[in-house]
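Both backbone and side-chain heavy atoms feed into the values below; hydrogens, waters and symmetry mates do not. For this chain, numbers begin at 1 and follow the sequence in order.
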Amino acid sequence: MVIDATGFARTGGALDGRIVTAQLARLCQDLPEPQDGEIHWRVRGRFDAPSGQAWLDVEARGPVRVVCQRCLEAFSLTLRVSSTLGLVETQAQLDAMDALEAEGQGPEIEYLVADQRLDVLGLVEDELILALPYAPRHDACPGDGDAPEPPRRPSPFAALKDLGKD
């Protein structure tokens, strides 16, 4: 699905749909199989006439299977995306906005070069990849409370505590 990003924003366009998670190859490339969830997504365009700024609002929600970095078990994690992207006309404008933000002078808004052939599902997938946690973990790993605590060895310094008491 391809749109003209600026035209879409100027007309207040809206698209939504569902996609099986496994169809998002870049998102799934390092995730365990099976990826059989379904992602619900929506992209909405808007335009602020006084400033001439075009915007894309991207929302997506759905489960992905990830590996817990604590217990190494796979589990289902629901990704939620709600992003607003400002559209700029050229790469130079994008670089200038990024430079301002890096210096702490610009707004903390993400910008995107407006493409006349913007792949909507590619944009949704990009936002989902950014929402994927670097080190996913269960809130509480299965079996955490079931395992007995290993026996503690006595401290090698315990014998020293009685030496100076005479």
Side-chain angles (χ1 to χ4, degrees), residues 1-9 12-46 54-88 90-91 93-95 97-104 106-153:
M1 185 174 314
V2 176
I3 62 169
D4 170 4
T6 304
F8 185 80
L15 294 170
D16 59 51
R18 299 174 185 198
I19 187 168
V20 175
T21 307
Q23 291 179 295
L24 301 172
R26 290 181 299 123
L27 175 66
C28 296
Q29 72 184 9
D30 292 326
L31 299 179
E33 292 183 6
Q35 290 293 332
D36 52 5
E38 189 172 73
I39 303 290
H40 300 263
W41 60 269
R42 177 181 172 97
V43 176
R44 187 175 55 98
R46 51 190 173 91
W55 303 93
L56 291 179
D57 297 318
V58 180
E59 297 176 6
R61 183 173 193 267
V64 293
R65 292 192 47 78
V66 295
V67 175
C68 175
Q69 297 303 296
R70 220 183 276 147
C71 69
L72 302 178
E73 294 291 324
F75 72 102
S76 181
L77 174 72
T78 299
L79 293 180
R80 291 177 183 84
V81 169
S82 182
S83 302
T84 296
L85 304 170
L87 297 176
V88 294
T90 65
Q91 184 64 43
Q93 287 176 321
L94 180 62
D95 294 342
M97 296 304 281
D98 287 345
L100 284 175
E101 184 181 346
E103 294 171 3
E108 292 186 18
I109 297 173
E110 293 295 321
Y111 288 91
L112 176 71
V113 175
D115 191 346
Q116 290 184 341
R117 298 197 41 81
L118 179 67
D119 176 10
V120 174
L121 290 178
L123 177 63
V124 169
E125 185 174 21
D126 289 345
E127 293 300 309
L128 288 165
I129 290 168
L130 290 171
L132 195 62
Y134 179 71
R137 297 187 306 247
H138 286 107
D139 290 332
C141 292
D144 272 354
D146 301 339
E149 199 170 305
R152 294 187 178 190
R153 297 186 334 202

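Asp57 CG to Arg44 CZ: the interatomic distance, rounded to the nearest 0.5 Å, is 4.5 Å. With rounding to the nearest 0.5 angstrom, the CD1 atom of Ile109 is 12.5 Å from the OG atom of Ser83. The CH2 atom of Trp41 sits 11.5 Å away from atom CG of Leu128, with the distance rounded to the nearest 0.5 Å.
In terms of heavy atoms, Trp55 sits closest to Ala9 at O-CB, 3.6 Å. Val64 and Gln35 make their closest contact through CA-OE1, 3.4 Å (heavy atoms, listed as atom of the first residue, atom of the second, distance). Taking all atoms of both residues into account, the shortest heavy-atom contact from Leu94 to Tyr111 is CD1-O, 3.4 Å. The two residues Arg80 and Arg61 have their closest heavy-atom pair at NH2-NH2, 3.0 Å. Of all non-hydrogen atoms in Gly45 and Leu56, the two that sit nearest each other are CA-CD2, 4.0 Å. Summarising the geometry of Ala114 relative to Leu87, their closest heavy-atom pair is CB-CB, 4.1 Å, with the distance given to 0.1 Å.
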Which atom pairs, donor and acceptor, lie under 3.5 Å between side-chain atoms of residues 19-32 and protein residues at least two apart or in another chain?
| unit_1 | atom_1 | unit_2 | atom_2 | d |
| --- | --- | --- | --- | --- |
| Thr21 | OG1 | Gly37 | O | 3.1 |
| Thr21 | OG1 | Pro63 | O | 3.3 |
| Gln23 | OE1 | Val20 | N | 3.4 |
| Arg26 | NH1 | Asp126 | OD1 | 2.7 |
| Arg26 | NH2 | Gly122 | O | 3.4 |
| Arg26 | NH2 | Glu125 | OE1 | 3.2 |
| Arg26 | NH2 | Asp126 | OD1 | 2.9 |

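Judged by distance alone, with hydrogens and angles left aside, the side-chain atoms of Gln69 form a donor-acceptor pair with the main-chain N or O of Val67 at under 3.5 Å. Looking only at distances, no side-chain donor or acceptor of Arg18 sits under 3.5 Å from a matching main-chain atom of Glu38. With hydrogens and angles ignored, the 3.5 Å screen pairs no side-chain donor or acceptor of Glu127 with any backbone N or O of Ser82.
In Arg137, the CZ atom is not crowded: 12 or fewer heavy atoms of neighbouring residues, nucleotides or ligands sit closer than 6.0 Å. Atom CD of Gln91 sits in a crowded spot, with more than 12 heavy atoms from other residues, nucleotides or ligands closer than 6.0 Å.
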For this session: Please step through side chain to side chain contact (heavy atoms under 4.5 Å, CB included) for the pair Leu132 and Val66, ending with a clear verdict.
Result: CA-CA 9 Å; Leu132 195 62; Val66 295; 4.1 Å; yes
Exercise. Under the side chain to side chain contact (heavy atoms under 4.5 Å, CB included) criterion, do Phe8 and Leu15 qualify, and how do the steps go?
Worked result: CA-CA 10 Å; Phe8 185 80; Leu15 294 170; 3.9 Å; yes
Exercise. Taking it one step at a time, do Cys71 and His138 satisfy side chain to side chain contact (heavy atoms under 4.5 Å, CB included)?
Worked result: CA-CA 8 Å; Cys71 69; His138 286 107; 3.5 Å; yes
